[in-house]
Amino acid sequence: MLSIDGLRSGYGKSEALHGVSMDIEAGTVVTIIGANGAGKSTLVNTVSGLVPVMSGRMSFEGRDITDLAAADIVDLGIVQVPEGRKLFGPLTVEENLELGAYRSRSVKASEIARRRAFVFELFPRLAERAGQRAATLSGGEQQMVAMGRALMAQPKLLLLDEPSLGLAPIVVDRVFDTLAKLKGDGMTMLLVEQRADMALAIADFAYVMATGRIVANGPTDAMRADTRVQQAYLGEAGVFEG
Amino acid sequence: MVTEARLDILGILVLSGLTNGSVYALVGLSLALTYGASRVINFAQGEFVMLGALATVLFVTTVALPMLVSIPLVLVICAMVGLMLERFAYRPLVARNAPPLTVMIGTLACASIMVGAALLVWGPNQYFVPNAFSLDGITVAGITSTPQQLAIIASFAILMLLIWLLLYRTTFGLAIRAVGIDPEVSKLMGIRAERVVSFAFVFSAVIGGLAGILVGPLLGGHVSMGVVLTIKGFMAVILGGMGSPFAAAAGGLAIGLLEATVAFYGNSLYAEPIIFGLILLTLIVRPAGLLGEWEAMRR
């Protein structure tokens, strides 16, 4: 579905990704794990069209997307839940969700209403908070808005950048429950996560990144057992509990 | 008798204060609108009022076109110059990662260029700007005014309503507010943030032009009239509150009313220092402006 080949990208003159290749099959969940500064967020933001590509190609459903603008990427169905949630804090929950569906303006109102109902069914709390300013919500609720906002665009590929960041353990569990539910619905996801144990538990395939490169990849079962992975990242980060 | 005379004076003060205040408010709200989308104070904003007034002279007096034909032409010219400002000053600077202050200096340069260009076209003379509405006094309930004056206030009120509807009742308005809060994340929503910024510049230029058409007949058209209005508009933004077009507009009205009052009871020469003093005092007490910050400021 998404195919990345020899991707180099970065801000200004400094290259942050040094030739990354990756494939995501439709209906699968792929996780990228790696320490802080490994380039995981840069990769996700490059796919979203926010970071300029220096060389390499990206294609989505057979279409070249290397030089597309962020808005065109969203149009194709690649939607990101950014790191740190990045809600429009002064706007209401309802308005945040509406912005998620911004590219769907030509879509029928009934379809938008259906998506909103789906989001509210997934996160009943948001229905209660619809008129509240997003900035006044708890961290967990904000993560729900961020995910709900992305789902309003009806993504084909959902990019999730550190959805557990800064959340209490019990809330993190809920976030992963939601991801499991979405996976059950057949949603294709690219999940960037610091909590490698949880990411590996939900994903089908994993890539390990370090300093802007992919250092290991494989099916998650194999990756969990891979001592290189454990040494390279999991053990070192101290979050591996499996 | 005494109270009646006082009421008359109050009426005149309020009316003339609102007239000037409406113009300051229009400049202020367009400054705030551009700032909301781009984080930049456009120091050329007042020049669009100048351009509006002098272009009206060009089309109505020089070319002798009917007013109704001239007005759209004037607004189109202002829109085009606004777009050029965005394309050739704002955008190249931002693309090279210039800090906001540098971009603002860039708009200041544009203001100078616009004045220089206007000087080439119109020279240094003061022009009579043809009026769209009558300048003959009409007296209602003992208060004398002119249709032109009333048109300024009415246009201002209508524009405020339209801008409110645009910002708070349309999806595009929601996008404008989103870009003001976080341009990067708004791109993740599929909003073309650059287009929103272009729109803010062009729309503000058109509002400036409209203000010029309206106030020109009262102020007279002159190439250097824009600077003062930029300053007044900027004062309105600072006084009302950064980031909200409506707070800025309220600030503009307040400055207009203050000016009229000070000018009447004292001397118009003192009006400006007194108003600056009052603004300074206000800001010491309320640094974010009278009405505080808008959503765009609370990043």
Side-chain angles (χ1 to χ4, degrees), chain A residues 11-14 41 44-45 47-52 68-92 94-107 109 112 133-136 145-146 149-150 152-155 158-161, chain B residues 32-33 35-37 39 91-99 102 164-199 241-247 288-289 291-299:
Chain A
Y11 297 94
K13 285 192 176 105
S14 61
S41 289
V44 166
N45 284 327
V47 173
S48 277
L50 292 183
V51 180
L68 289 189
D72 300 318
I73 304 268
V74 175
D75 278 348
L76 290 178
I78 304 178
V79 181
Q80 188 189 143
V81 180
E83 181 180 344
R85 300 173 271 283
K86 303 278 173 57
L87 298 182
F88 298 101
L91 305 184
T92 63
E94 182 70 42
E95 286 171 322
N96 272 277
L97 295 180
E98 198 181 321
L99 282 164
Y102 185 73
R103 298 307 298 179
S104 313
R105 280 168 298 173
S106 54
V107 171
I112 300 293
R133 281 170 183 264
T136 63
V145 179
R149 185 176 65 177
M152 287 298 288
Q154 198 160 54
L158 192 59
L159 310 174
L160 295 131
D161 195 355
Chain B
L33 212 58
Y35 180 81
R39 304 285 109 186
R91 205 177 276 199
L93 286 170
V94 169
R96 285 162 183 76
N97 289 320
T102 308
W164 186 84
L165 288 174
L166 171 73
L167 286 176
Y168 292 96
R169 285 290 177 271
T170 68
T171 309
F172 184 62
L174 184 60
I176 296 175
R177 289 152 64 207
V179 171
I181 296 165
D182 194 327
E184 283 294 289
V185 179
S186 73
K187 286 183 192 165
L188 288 179
M189 304 296 110
I191 297 167
R192 295 183 200 274
E194 316 77 31
R195 287 193 197 165
V196 169
V197 172
S198 296
F199 170 82
M242 204 73 156
S244 160
F246 307 105
L291 300 178
E293 300 176 356
W294 191 37
E295 51 201 30
M297 286 296 289
R298 296 183 214 147
R299 279 197 186 187

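Within every chain, numbering begins at 1; the chains are lettered A, B, ... in the order of the sequence lines, protein sequences first and strands thereafter.
- Using a 4.0 Å cut-off between charged nitrogen and carboxylate oxygen, B:Arg177 and A:Glu95 count as a salt-bridge pair.
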Quick one: side chains of residues 190-199 of chain B, donor-acceptor pairs under 3.5 Å with protein atoms, not counting sequence neighbours, listed by atom name and distance.
from: B:Arg192; atom 1: NH2; to: A:Asp72; atom 2: OD1; distance (Å): 2.8
from: B:Ser198; atom 1: OG; to: B:Glu86; atom 2: OE1; distance (Å): 3.2
from: B:Ser198; atom 1: OG; to: B:Glu86; atom 2: OE2; distance (Å): 3.2
from: B:Ser198; atom 1: OG; to: B:Arg91; atom 2: NH2; distance (Å): 3.0
from: B:Ser198; atom 1: OG; to: B:Glu194; atom 2: O; distance (Å): 3.2

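- Neither the backbone nor the side chain of A:Ala153 comes within contact range of chain B, judged by heavy atoms closer than 4.5 Å.
- Distance check: A:Arg149 CZ to B:Leu188 CG gives 7.5 Å after rounding to the nearest 0.5 Å.
- Contact between B:Thr171 and A:Glu98 at its shortest, heavy atoms only, is OG1-OE2, 4.0 Å.
- Side-chain contact check for A:Val74 versus B:Met189: every heavy-atom pair is 4.5 Å or farther apart.
- Counting all heavy atoms, side chain and backbone alike, A:Phe88 lies closest to B:Asp182 at CE2-O, 3.9 Å.
- The two residues A:Leu91 and B:Ile181 make their nearest non-hydrogen contact at CG-CD1, 3.6 Å.
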